Amino acid sequence: MKFEGLNAIALLEGVKGVLALLVAVGVNALAGQDLYQLTEQMIRQWSLSPSNHYLALFLNLLEKLTRQSLTWVTLLAFLYASFRFVMAYGLWNKLRWTEWFAFISGSLYIPFELYAISQTPNLVNFSILAFNLMVVTYLYWVLKRGARP
């Protein structure tokens, strides 16, 4: 039996890895700059309201960031990217342990997605849950079939 859906999931994992690498590189590139001042310039340039609740929270977070915390963010993003690339490789090559790991890790997100829907029921949150349920259900089916190609 072929399990082409695993290739699609592997590609998704690879995209997550690339995005994590972009975050790591971006954070590392910004590490030497005054992020608070840079953000304030962007707010003025884009004519955003500095009294916006979310912008105020973001600016507050930037005030608390240190060079060490940016180093940790970069390190964690690289580790996450590595994890996603290993998962992509394993799923693409139909390694059984990555199928189990993808199933378990995907299942762990479901309670958080349900919580997000209970707090903010919108199309985005419902779509994320539906997509994750499709992936987890497919992985369950692959694991139950048990036959190797």
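Since this is a predicted model, take the numbers as computed values, not measurements.
- Rounding to the nearest 0.5 Å gives a distance of 9.0 Å between CG of Leu19 and OH of Tyr80.
- The main-chain N or O of Tyr140 is never found under 3.5 Å from a side-chain atom of Arg145 such that the two would form a donor-acceptor pair.
- Thr98 contributes a side-chain N or O that, together with a main-chain N or O of Leu95, makes up a donor-acceptor pair within less than 3.5 Å.
- Connection of Phe131 to Leu6 is established within a shared hydrophobic cluster, with ILVMFWY side chains joined at heavy-atom distances below 4.5 Å, either directly or through further cluster members.
- In this structure, Phe103 is a member of the same hydrophobic cluster as Leu12, with clusters built from ILVMFWY side-chain heavy atoms closer than 4.5 Å.
- Counting only heavy atoms from C-beta outward, the side chains of Asn7 and Lys94 approach each other to under 4.5 Å.
- Remark: aromatic rings of Tyr138 and Trp141 are close, center separation under 6.0 Å.
- The cluster map of Ile, Leu, Val, Met, Phe, Trp and Tyr, joined by side-chain heavy atoms under 4.5 Å apart, puts Leu143 and Val136 in the same cluster.
- No chain of hydrophobic side-chain contacts below 4.5 Å, direct or via other Ile, Leu, Val, Met, Phe, Trp or Tyr residues, connects Val124 to Phe126.
- The line from CG of Leu75 to CH2 of Trp72 is 6.0 Å long, rounded to the nearest 0.5 Å.
- Between Ala81 and Leu21, the closest heavy-atom pair is CB-CG, 3.8 Å.
- Nearest heavy-atom pair across Gly14 and Ala88 is N-CB, 3.7 Å.
- Side chain to side chain, Asn132 and Glu113 meet the donor-acceptor criterion of an N or O pair below 3.5 Å.
- Classification of the Phe83-Phe101 ring pair by plane angle, with boundaries at 30° and 60°, yields perpendicular.
- For the residue pair Gly17 and Phe85, the shortest heavy atom distance occurs at C-CZ, 3.5 Å.
- Listed for the Asn93 side chain is a donor-acceptor partner under 3.5 Å among the backbone atoms of Tyr89.
- Contact check for Leu114 versus Ile110: side-chain heavy atoms found under the 4.5 Å cut-off.
- Both Leu91 and Leu108 belong to a single network of hydrophobic side chains, linked directly or stepwise wherever heavy atoms of I, L, V, M, F, W or Y lie under 4.5 Å apart.
- You'll find the side chain of Leu11 reaches within 4.5 Å of the side chain of Trp92, heavy atoms only.
- Minimum heavy-atom separation, Glu13 to Met87: OE1-CB, 4.0 Å.
- The distance from atom CD1 of Ile9 to atom CD of Glu99, rounded to the nearest 0.5 Å, is 9.0 Å.
- For the atom pair Phe112 CZ and Asn125 CG, the distance stands at 14.0 Å (nearest 0.5 Å).
- Atom CG of Leu139 sits about 11.5 Å away from atom CE of Met134, to the nearest 0.5 Å.
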